Amino acid sequence: MNKPRYRIGNFVKFFCKYKNETVVGEIVNIREAKYNWDYSIRYHIYIDLTYVQWVNEIDILDLIKI
């Protein structure tokens, strides 16, 4: 796997396709996408109790400093 740009526990800003807006979430898992012919790094991001999603590394807009 390539070296990930972000780490587990980082808070990042990205576009949530379920809420249709830019949100801040916490990275809870990292994996390499191998099954969609897309060998890029994906981040499992926790937003709130309703939304948890896998986000491609290029779709993350910014790292939030807390």
Side-chain angles (χ1 to χ4, degrees):
M1 179 164 85
N2 295 336
K3 186 174 180 181
R5 187 180 315 167
Y6 307 103
R7 296 182 180 186
I8 293 176
N10 284 138
F11 286 87
V12 293
K13 182 170 40 172
F14 69 100
F15 184 78
C16 179
K17 61 185 175 183
Y18 301 114
K19 290 186 170 189
N20 200 23
E21 62 185 23
T22 301
V23 295
V24 174
E26 180 184 4
I27 297 174
V28 293
N29 197 2
I30 300 172
R31 72 168 170 90
E32 188 174 13
K34 293 185 178 180
Y35 303 110
N36 297 333
W37 299 100
D38 179 7
Y39 292 93
S40 62
I41 298 172
R42 303 248 178 201
Y43 296 90
H44 198 201
I45 300 181
Y46 173 81
I47 305 167
D48 55 26
L49 292 175
T50 309
Y51 300 103
V52 178
Q53 74 180 68
W54 287 98
V55 178
N56 195 350
E57 185 173 62
I58 61 173
D59 294 335
I60 294 177
L61 304 174
D62 196 14
L63 177 67
I64 304 296
K65 303 286 185 184
I66 292 181

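Quantities reported herein were computed from a predicted structural model and do not represent experimental measurements.
- Side-chain heavy atoms closer than 4.5 Å link hydrophobic residues (I, L, V, M, F, W, Y) into clusters, and following such links, even through other members, never connects Val23 to Trp54.
- Placement of Ile41 and Leu63 within a single hydrophobic cluster is found when ILVMFWY residues are connected by side-chain heavy-atom separations under 4.5 Å, directly or transitively.
- A single hydrophobic cluster is seen to contain both Tyr18 and Val55, as judged by linkage of ILVMFWY side chains at heavy-atom distances under 4.5 Å, directly or through other members.
- Taking all atoms of both residues into account, the shortest heavy-atom contact from Leu61 to Phe15 is CD1-N, 4.3 Å.
- For the atom pair CZ (Arg42) and CD1 (Ile58), the distance works out to 8.5 Å, reported to the nearest 0.5 Å.
- Residue Phe14 is tested with Asp62, Asp59, Ile45, Asn56 for a side-chain contact (heavy atoms from CB on, under 4.5 Å); the sole match is Ile45.
- A 4.5 Å side-chain heavy-atom check between Cys16 and Ile47 finds at least one atom pair inside the cut-off.
- With hydrogens and angles ignored, the 3.5 Å screen pairs a side-chain donor or acceptor of Tyr43 with a backbone N or O of Tyr6.
- Tyr51 and Ile27 fall within a single hydrophobic cluster, where Ile, Leu, Val, Met, Phe, Trp and Tyr side chains are chained together by heavy-atom contacts under 4.5 Å.
- Distance check: Arg5 CZ to Ile30 CD1 gives 12.0 Å after rounding to the nearest 0.5 Å.
- The 12-atom threshold is exceeded at NZ of Lys19, counting heavy atoms of other residues, nucleotides or ligands nearer than 6.0 Å.
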